[in-house]
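Taking it in order: structure first as structure tokens, then the write-up.
Note on naming: letters A, B, ... go to the chains in the order of the sequence lines (proteins, then strands), and numbering restarts at 1 for each one. All values below were derived from every heavy atom in this structure, side-chain atoms included, with hydrogens, water molecules and symmetry-related copies excluded.
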Amino acid sequence: MTTIPVQYYLVVAAALFCIGLAISITKRHFIGMLLGIELMLNAVNINLVAFGRHDPERLSGQLFALFVIVVAAAEVTVALAIILRVYGRFKTVDPDKVNELKQ
Amino acid sequence: MEAIIFYIFSALTLAAGLFILFSKNLIYGAFALFLAFLGVAALYVLAGADFLAVSQIMIYVGGILVLLIFGIMLTQKKEKSDDSTRHNRVEVPITRKIWGYLTGIGLFGLLVKVILSSNFRMAGEEMSTKSTIKTIGVELMTSHLLPFEIAAILLLVALIGAAYLALNRNPTA
């Protein structure tokens with residue numbers, strides 16, 4: 001069984017991270033930014049799993065990736081609740097238009 | 001054979017990411033994110049992380065993506081207005097796009113340069129083909145017990161906080 005070198009995973013993860021970064025910068029929508037953040041978290045997880053492949057006894061990388069997934073789930077729920085509140089108050093989802101704490 | 005599958009799923013993931021970047025409609029973006037998550041799960045399998053791949057599909061596709069699509073649908077609104085006396089707004093968000101693409105491409109160039117110039121010497125053994133579920137379970141219950149409990153508390157706090165924030169949508173009523 002031929003195994004893929006770890007650099008290939010790292011390059012793919014770097015590309016995915018940069019795409020996620022560009023998404024969260026360019027999108028003019030709160031949820032678009034969240035999509036970019038999710039892609040960035042996935043890219044980091046690919047790195048962790050690729051390095052954790054060389055640690056079959058303790059699997060530290062995979063455990064760390066598991067905790068990253070848990071934190072990502074918690075983050076998305078709270079972020080969506082906040083976005084819904086902001087939308088209910090300001091009637092907009094453009095981050096540039098939400099520039100006041102109180103309206 | 002394995003390399004070909006790796007290339008196919010990498011291309012699928014990156015193409016889905018680029019589609020999200022260039023698509024105007026966020027719903028299409030969310031469905032492309034579905035493809036990206038599946039591609040990442042396939043990469044996990046190729047790296048020998050079977051449990052993590054199944055968790056990825058269940059949590060991301062089954063939970064997070066559904067939540068995101070709910071959020072997109074709840075915050076959609078009509079951009080057009082019937083008021084004919086208003087001036088037409090022409091949005092030119094060009095600087096944000098240019099800076100976003102420049103940041104992404106620049107960081108990618110930097111990261112690839114670092115990765116290709118580095119020389120990793122792996123200390124441990126390469127993973128064999130056995131399943132990782134037993135090891136993950138034992139590690140979670142022995143040496144990673146405290147982070148496990150903290151993750152449980154974090155999820156509970158996030159649940160209560162999200163429910164409290166999403167309740168009471170109209171404070172004047």
Can you measure from [atom1] ([X]) to [atom2] ([Y]) and round to the nearest 0.5 angstrom?
X: K134(B); Y: L59(A); atom1: NZ; atom2: CG; answer: 12.5 Å
X: H144(B); Y: L66(A); atom1: NE2; atom2: CG; answer: 10.5 Å
X: Y9(A); Y: L43(B); atom1: OH; atom2: CG; answer: 6.5 Å
X: L33(B); Y: E38(A); atom1: CG; atom2: CD; answer: 7.5 Å

Under 4.5 Å, counting heavy-atom pairs only, tell me which of [options] racks up the most with chain B.
options: V76(A), L39(A), I69(A); value: I69(A)
options: A74(A), A79(A), A13(A); value: A74(A)
options: L16(A), L21(A), V6(A); value: L16(A)
options: Q7(A), K91(A), E57(A); value: Q7(A)
options: L10(A), V11(A), L34(A), I82(A); value: L10(A)
options: I83(A), I46(A), T92(A), V71(A); value: I46(A)

Contact summary for [X] and [Y], nearest pair of heavy atoms:
X: L35(A); Y: A30(B); value: CD1-N, 4.2 Å
X: R96(B); Y: T26(A); value: CD-O, 3.5 Å
X: A162(B); Y: A81(A); value: O-CB, 3.6 Å
X: L14(B); Y: A15(A); value: CD2-CB, 3.8 Å
X: A151(B); Y: V70(A); value: CB-CG1, 4.0 Å
X: I136(B); Y: Q62(A); value: CD1-OE1, 3.7 Å

Report yes if some heavy atom in the side chain of [X] is under 4.5 Å from a heavy atom in the side chain of [Y]; otherwise report no.
X: H29(A); Y: T75(B); value: yes
X: C18(A); Y: I105(B); value: no
X: I4(A); Y: E2(B); value: yes

Between [X] and [Y], is there a shared hydrophobic cluster once you connect ILVMFWY residues whose side-chain heavy atoms come closer than 4.5 Å?
X: M73(B); Y: V86(A); result: yes
X: Y87(A); Y: F90(A); result: yes
X: M141(B); Y: L63(A); result: yes
X: M1(B); Y: F9(B); result: yes

Q | F148(B) ring center near F67(A) ring center (under 6.0 Å) | A | no
Q) Quick one: are the ring centres of F120(B) and F51(A) less than 6.0 Å apart? A)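 Centroid distance F120(B)-F51(A): below 6.0 Å, so yes.
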Q) Among L116(B), L159(B), I72(B), I115(B), which has the most heavy-atom pairs under 4.5 Å with chain A? A) I115(B)
Q: Between chain A and each of Y101(B), Y7(B), F108(B), F6(B), count heavy-atom pairs under 4.5 Å; write down the option with the most.
A: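 Answer, by heavy-atom pair count under 4.5 Å with chain A: F6(B).
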Please table the atom pairs, donor to acceptor, closer than 3.5 Å between any side-chain atom in residues 45-71 of chain B and protein atoms at least two apart or in another chain.
residue	atom	partner	partner atom	Å
D50(B)	OD1	T132(B)	OG1	2.6
D50(B)	OD2	S131(B)	OG	3.3
S55(B)	OG	F51(B)	O	2.8
Q56(B)	NE2	N42(A)	OD1	2.9
Q56(B)	NE2	F37(B)	O	3.3

Region of [X] that comes under 4.5 Å of a non-hydrogen atom in chain B:
X: V93(A); answer: side chain
X: A72(A); answer: both
X: L80(A); answer: side chain
X: E75(A); answer: neither
X: F17(A); answer: side chain
X: K27(A); answer: both

Q) What do the steps show when you test N45(A) against V40(B) for side-chain contact (heavy atoms from CB on, under 4.5 Å), and what is the final call? A) CA-CA 9 Å; N45(A) 272 350; V40(B) 172; 5.8 Å; no
Q) Under 4.5 Å, heavy atom to heavy atom, which residues of residues 18-28 of chain B contact chain A? A) L18(B), I20(B), L21(B), S23(B), L26(B)
